[in-house]
Asker: 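One structure coming up, written as structure tokens, with questions to follow.
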Amino acid sequence: MAQNLDKTYDPSQVEERLYKKWLDQGYFHAEVDHKKEPFTIVIPPPNITGHLHMGHALDNTLQDILIRWKRMQGYNVLWQPGTDHASIATEVKIVEQMAKEGLTKEEIGREAFLDRAWDWKEKYGGKILLQLQKLGSSCDWERERFTMDEGLSKAVLEVFLRLYKEGYIYRGAKIINWCPQCQTTISDAEVEHEETKGNFWHIRYRIKDTNEYIQIATTRPETMLGDSAVAVHPDDERYQKYIGKTVILPLVNREIPIIADEYVDQEFGTGVVKITPAHDPNDFEVGLRHNLPQISVMNDDGTMNEEAGLYSGLDRYEARKAIVKDLEQQGFLVKIEDHVHNVGFHDRCHCVIEPMIKMQWFVKMEELAKPAIDALKEGQLRFVPERFGKIYLHWLENIRDWCISRQLWWGHRIPAYYCQDCNEIIVDKEKPDTCPVCGSSRLKQDEDTLDTWFSSALWPFSTLGWPEETEELKYFYPTNVLVTGYDIIFFWVVRMVFSGIEHMGEVPFKDVLIHGLVRDSQGRKMSKSLGNGVDPLEVINEYGADALRLTLVTGNAPGNDMRFYWERVEASRNFANKIWNASRFILMNIEGKEIKPVDLSELTPADRWILSKVNTLAQEVTDNMNKYELGIAVQKLHDFFWEEFCDWYIEMVKPRLYNAEDKTNKAALWTLQTVLINALKLLHPYMPFITEEIFMYIQDQEKTIMFSSWPEYRKEWDFRQEEKEIELMKQGIRNIRNLRAEMNVPPSKKATVFVISEDKEIRNIFEKGKVFFATLAYATEVKIQKDKLGIGEDAVSTVIPGASIFIPFAELVDIEKEIERLEKERERLTKEIDRVVKKLNNQGFVNKAPEAVVEGERKKQEKYENMMKQVEERLQGLKK
RNA sequence: GGUCAAUUAACUCAGCUGGUAGAGUGUCUCCUUGACGUGGAGGAAGUCGGGGGUUCGAGUCCCUCAUUGACCACCA
């Protein structure tokens with residue numbers, strides 16, 4: 001069987017088969033079980049319009065690692081999957097699709113449009129989840145939810161009603177962000193501010209009944225048509241005299257007042273601001289304070305409306321040109337300056353946002369935000385890394401009311417009904433038959449839908465059945481950790497937290513693990529327009545899911561961005577191959593043999609060493625994972641497996657395996673198998689496929705590593721002494737290899753190796769490890785002796801703590817060179833000793849440093865002096 | 001304008017609670033040893049951005065400067 005295994009690991013032969021097995025066996029499925037402790041993660045639901053990109057791959061790899069790990073630890077694990085209806089993104093897609101057929105939303109009407117959208121969702125909405133499966137994601141697919149499915153829609157209604165009744169949701173005409181492209185409002189979080197080059201137009205307004213002018217400066221001259229005042233700072237001496245006077249608005253000749261308001265910055269521009277309450281959020285506020293009329297001059301599509309008079313019908317930017325031209329012609333334009341300022345863009349379509357006053361639905365945020373702030377401050381909620389907590393707090397502390405209504409059709413329709421007769425607003429789960437006030441049956445539902453994030457804010461509990469008090473909800477809520485990118489802290493994390501607290505009375509998760517972006521090799525954001533995106537599926541096809549997963553966690557710290565390099569995927573693939581071949585080697589050796597448990601006393605020091613290593617590895621990896629230090633954990637796993645296990649232990653063990661006479665044969669096989677299994681288990685969260693595949697070969701084709709026990713530190717496997725012993729031997733071997741490399745001795749040329757030590761214990765150590773020491777040190781024979789009997793001076797030598805090693809290479813030895821080498825060694829040791837001695841002579845150090853550190857330095861001193869003594873001796877011998 | 005992060009070997013990045021710097025890739029030399037050349041052995045390579053400070057001791061803590069990046073922000 002093992003002989004039949006390919007020499008290289010081929011993920012394509014493995015992944016699909018294993019994933020199917022896991023699915024068929026229902027391994028991902030979780031049921032409420034009060035005997036076990038739950039561990040829950042809700043997936044950040046991908047948009048149904050989405051396809052898997054590197055961000056998803058990273059996000060879900062991290063979640064799957066945590067999930068698989070906890071599952072092995074014995075937790076009753078639920079990874080709750082699902083998708084988001086993504087109102088605006090999806091609606092745009094459907095509209096585009098219809099446009100190809102020459103149709104518009106309005107033509108086909110709401111119902112037909114929604115039919116299309118649902119069709120689209122059925123057809124494409126699950127695509128991304130299938131892609132997540134390719135990654136190995138162990139979500140409980142039986143529990144897949146969708147933000148617009150029946151249960152979640154119920155939750156949305158329930159929340160809307162509750163918040164409305166409690167006064168948190170209100171309807172009001174406020175200035176909102178309007179996207180003329182998408183023809184809908186958007187929330188503040190959806191506006192991206194970008195520095196944009198523009199102009200500063202200085203315009204003079206004539207003061208009524210005088211020939212005096214007051215000069216304003218604006219970046220948006222077209223909005224002047226909606227000006228309802230001109231404002232100066234109340235303390236501004238330059239303009240004191242004008243306060244209360246009236247100016248004539250150029251072009252339209254409307255009379256507007258000059259008002260005083262602290263909002264005006266005297267230093268900036270001319271110190272005079274035109275106030276356009278209907279098209280600027282600040283002006284809106286000023287307008288309210290001064291009771292100014294709100295004159296809207298624009299239509300929803302960004303063209304000027306009838307208020308704009310002559311300019312009516314023009315696009316806002318054409319109107320700007322025309323107005324500037326007219327102002328110039330009529331002598332009102334004083335000057336034009338270049339000006340860089342921030343412009344708000346819609347994050348979806350990148351169209352310039354137009355502030356407008358519209359009647360919309362809002363969530364009053366201040367009170368809801370408070371407990372969410374406290375949750376972090378009091379420690380019920382924690383960000384990893386912590387710094388993101390500051391961002392979260394800052395946002396919440398400066399939060400403004402959340403505009404939740406969208407002029408879209410795809411989404412949860414706002415459950416408000418307007419009486420056509422008495423204008424009463426009724427908010428209810430279902431459309432009432434009659435108006436409770438006037439009894440009219442002419443009721444009309446609000447046309448708008450809710451912001452997508454309104455439903456995803458409920459995701460951690462709505463997916464578990466809320467508002468029903470399901471067993472799942474009681475058992476799995478609150479979830480344990482949320483894994484997401486820093487880019488959606490405002491959109492999603494914040495809103496889930498206050499929603500969880502408000503409706504469930506408890507934070508929805510304790511930890512928030514934040515990761516960064518996966519960028520391209522040049523550090524640029526991966527984007528469609530740049531065409532620099534790497535398709536995770538392509539990586540999986542070429543290198544396997546394990547290699548991709550490993551690449552995404554290796555060398556990365558939480559919250560930090562990372563760059564994607566194909567070379568790194570190759571390195572990961574190589575590691576998978578290494579695991580494969582080491583396992584293949586072990587399988588070939590244990591094949592046909594029954595590996596029975598071995599008494600620890602039968603183990604050789606090498607066996608104990610590696611067992612002890614894997615034991616502490618389990619401990620350390622678990623510690624790191626507890627702290628979400630996955631990058632560090634995987635680094636340790638990599639190093640252990642490749643260096644310690646493959647390069648050292650397997651090589652140490654070979655002579656024993658190839659010698660049928662060797663009595664420690666069984667111990668070696670048991671150790672190989674045991675260490676391999678433990679390593680595979682520790683690796684499984686990171687590399688689920690290859691570890692499962694090998695596990696099945698070792699254990700049983702029916703078994704799964706997924707539910708095998710997570711390795712824990714075992715006291716009886718702690719062999720500190722043997723660790724030291726083997727490390728000493730390794731150092732000896734390294735030194736010998738060094739020597740040989742320096743002298744260009746090929747491995748085929750072997751020699752006798754003498755290990756000389758006066759220390760019986762050290763001689764004993766080498767005696768016990770002689771078999772592998774000989775092989776790894778390219779020795780024909782290893783002689784371990786107390787003195788240098790039988791060694792001529794024509795040998796090369798090296799020193800390790802407590803022993804000298806001699807290799808008689810008569811024909812190769814150059815005494816001069818040997819002396820030179822030893823003198824170098826002496827120099828190095830002198831430096832080391834000096835350093836240690838200096839440190840130990842420092843009273844401050846000896847008195848204040850922890851005992852263990854001081855003791856460590858003393859040991860070092862002893863070690864180096866011992867080595868120095870040997871070097872000196874050897875030098876003396878040579879120089880004679 | 002505010003906040004935060006980054007600055008460590010040629011490149012990309014790790015480095016937890018302060019105790020003489022690590023990995024991968026690349027590079028150089030050697031090796032077809034019966035798991036693996038997607039390999040093995042060995043080597044070269046870093047004044048940890050600059051300058052202060054705290055400390056017996058700082059890449060690690062504090063201050064400051066510089067550069068880069070991100071986020072937030074209503075200066076028209």
Side-chain angles (χ1 to χ4, degrees), chain A residues 2 5 7-9 193 200 216-220 223 231 263-265 267-276 280-286 339 341-342 355 385 387-388 390-391 394-395 398 486-487 489-490 516-517 521 523 543 547 551 554-557 559-565 567-568 570-589 623-624 627 629 631-632 635 638-639 646-647 650-651 654 658 733-734 737-742 744-748 775-776 778 832 835-836 839 842-850 852-854 856-857 860:
Chain A
L5 295 179
K7 277 177 84 169
T8 50
Y9 172 60
H193 294 274
F200 217 12
I216 61 102
T218 179
T219 55
R220 303 198 54 201
T223 62
Y263 153 70
V264 181
D265 180 351
E267 309 294 317
F268 191 80
T270 59
V272 188
V273 190
K274 63 191 255 328
I275 300 296
T276 322
D280 183 280
N282 297 306
D283 294 7
F284 178 77
E285 297 297 324
V286 175
H339 184 61
H341 62 134
N342 272 322
R387 68 182 128 97
F388 289 101
K390 276 190 193 169
I391 297 179
H394 183 257
W395 171 265
N398 295 286
Y486 55 68
D487 47 338
I489 292 177
F490 307 133
L517 265 41
S521 61
Y543 293 92
T551 303
T554 303
N556 185 239
N560 287 1
D561 289 353
M562 64 186 305
R563 298 193 191 189
F564 182 90
Y565 280 91
E567 293 90 320
R568 299 202 19 209
E570 271 177 45
S572 302
R573 185 271 317 264
N574 293 352
F575 181 55
N577 196 52
K578 190 72 183 176
I579 296 172
W580 181 254
N581 275 293
S583 305
R584 199 162 65 95
F585 170 78
I586 293 166
L587 284 165
M588 276 161 48
N589 281 284
D623 284 350
N624 288 131
K627 291 188 267 180
E629 295 165 353
I632 297 174
Q635 179 74 256
H638 175 277
D639 292 351
C646 292
D647 292 345
I650 288 182
E651 295 306 321
K654 278 179 181 171
Y658 296 150
I733 291 163
R734 266 198 224 100
R737 286 171 174 173
N738 243 320
L739 273 183
R740 296 175 56 109
E742 223 173 280
N744 279 321
V745 187
S748 53
T775 315
L776 300 188
Y778 310 103
E832 293 294 343
R835 203 185 53 80
V836 176
K839 217 170 180 180
N842 180 341
Q843 282 307 306
F845 175 72
V846 179
N847 293 337
K848 292 184 181 173
V853 177
V854 179
E857 292 296 318
K860 264 185 218 164

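Because only heavy atoms are used, hydrogens play no part in the values below, and waters and symmetry mates are left out as well, while side chains stay in. Order of the sequence lines sets the chain letters (A, B, ...), proteins ahead of strands, with each chain counted from 1.
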Asker: Applying ring-ring contact (aromatic ring centres under 6.0 Å, His included), can you list everything that pairs with A:Tyr263, at least two apart in sequence or on another chain?
Answerer: none
Asker: Given atom CD of A:Glu567 and atom C1' of B:G26, what is their separation to the nearest angstrom?
Answerer: 9 Å
Asker: Can you check the distance between B:A45 and B:A10, where both ends of the measurement are the P atom (answer in whole Å)?
Answerer: 11 Å
Asker: Mind calculating the distance between CZ (A:Arg835) and C1' (B:G57) to the nearest angstrom?
Answerer: 11 Å
Asker: Closer to the 5' end of RNA chain B via nearest nucleotide, is it A:Lys627 or A:Asp280?
Answerer: A:Lys627
Asker: To the nearest 0.5 angstrom, please state how far the CG atom of A:Asn577 sits from the NZ atom of A:Lys7.
Answerer: 10.5 Å
Asker: When rounded to the nearest 0.5 angstrom, what distance separates CG in A:Asn581 from CE in A:Met588?
Answerer: 9.5 Å
Asker: Output the rounded distance in Å from CG (A:Asn624) to P (B:G15).
Answerer: 10 Å
Asker: For A:Phe564, give me all partners under ring-ring contact (aromatic ring centres under 6.0 Å, His included), at least two apart in sequence or on another chain.
Answerer: A:Trp566
Asker: Using salt bridge (Lys or Arg N to Asp or Glu O under 4.0 Å) as the criterion, list what pairs up with A:Asp639, not counting sequence neighbours.
Answerer: none
Asker: Starting from P on B:G19, measure out to CD on A:Glu857 and report it in whole angstrom.
Answerer: 12 Å
Asker: When the C1' atoms of B:A76 and B:G59 are compared, how many Å lie between them, rounded to an integer?
Answerer: 47 Å
Asker: Could you tell me which residues satisfy side-chain contact (heavy atoms from CB on, under 4.5 Å) with A:Ala547, sequence neighbours excluded, listed by chain and number?
Answerer: A:Tyr543, A:Val569, A:Ser572, A:Arg573
Asker: Between A:Asn342 (CG) and B:A73 (P), how many Å, whole number?
Answerer: 10 Å
Asker: A:Val264 near the nucleic acid: base, sugar-phosphate alone, or nothing, with a heavy-atom cut-off under 4.0 Å?
Answerer: base
Asker: Taking only the C1' atom of each, what is the distance from B:C36 to B:G22 in whole angstrom?
Answerer: 25 Å
Asker: For RNA chain B, what are the stems built from at least three Watson-Crick or G-U pairs in a row, each pair having both distances below 3.5 Å?
Answerer: B:1-7 with B:66-72, B:10-13 with B:22-25, B:27-31 with B:39-43, B:49-53 with B:61-65
Asker: Measure the distance from NZ on A:Lys848 to P on B:G18 and round it to the nearest whole Å.
Answerer: 17 Å
Asker: For atom P, what is the distance between B:C48 and B:C11, given to the nearest Å?
Answerer: 16 Å
Asker: Looking only at atom C1', what distance separates B:C61 and B:U55, rounded to whole Å?
Answerer: 10 Å
Asker: Between B:A41 and B:G34, how far is it from one P atom to the other, in whole Å?
Answerer: 15 Å
Asker: Looking at every strand, decide which applies to A:Glu832 at a 4.0 Å heavy-atom threshold: base, sugar-phosphate, or nothing.
Answerer: base
Asker: Which letter, B, S or -, goes with each nucleotide of nucleotides 31-46 of chain B from 5' to 3', with contact meaning a protein heavy atom under 4.0 Å?
Answerer: S--BBB-BSSSSS---
Asker: Mind checking salt bridge (Lys or Arg N to Asp or Glu O under 4.0 Å) for A:Arg568 and listing every partner two or more places apart, or none if nothing turns up?
Answerer: none
Asker: Say you draw a straight line from CG of A:Asp280 to CZ of A:Arg220; how long is it, rounded to the nearest 0.5 Å?
Answerer: 8.0 Å
Asker: Measure the acute angle between the ring planes of A:Trp395 and A:Phe490, then classify it against the limits of 30° and 60° as parallel, tilted or perpendicular.
Answerer: parallel
Asker: Please tell me which of A:Trp395 and A:Gly844 maps to the more 5' nucleotide of RNA chain B, matching each residue to the nucleotide holding its nearest heavy atom.
Answerer: A:Gly844
Asker: When the P atoms of B:A9 and B:U32 are considered, how many whole Å apart are they?
Answerer: 36 Å
Asker: Among all residues two or more places apart in sequence or in another chain, which pass the ring-ring contact (aromatic ring centres under 6.0 Å, His included) test with A:His341?
Answerer: A:His339
Asker: Identify, with sequence neighbours excluded, every residue that meets side-chain contact (heavy atoms from CB on, under 4.5 Å) alongside A:Pro747.
Answerer: A:Tyr778
Asker: When all nucleic acid strands are considered with a 4.0 Å heavy-atom cut-off, which category describes A:Gly271: base, sugar-phosphate, or nothing?
Answerer: base
Asker: Write down the distance between CG (A:Asn282) and P (B:A73), rounded to a whole number of angstrom.
Answerer: 13 Å
Asker: Distance check needed: B:C74 P versus A:Glu285 CD, whole Å only.
Answerer: 11 Å
Asker: Please classify the nucleic acid contact of A:Ala571 as base, sugar-phosphate, or nothing, using heavy-atom distances under 4.0 Å.
Answerer: sugar-phosphate
Asker: Tell me every residue that passes salt bridge (Lys or Arg N to Asp or Glu O under 4.0 Å) with A:Lys578, counting only those two or more places apart in sequence or in another chain.
Answerer: none
Asker: Base, sugar-phosphate, or nothing: which does A:Phe284 touch, judged by heavy atoms less than 4.0 Å apart?
Answerer: nothing
Asker: Using the C1' atom on both, measure B:G49 against B:U8 and round to a whole Å.
Answerer: 10 Å
Asker: In the 5'-to-3' direction, what one-character label does each nucleotide of nucleotides 2-14 of chain B receive under the scheme B = base within less than 4.0 Å of a protein heavy atom, S = sugar-phosphate only, - = no such atom?
Answerer: --SS------SSS
Asker: Name all residues meeting the salt bridge (Lys or Arg N to Asp or Glu O under 4.0 Å) criterion together with A:Glu651; count only those two or more places apart in sequence or in a different chain, and write none if there are none.
Answerer: A:Lys654
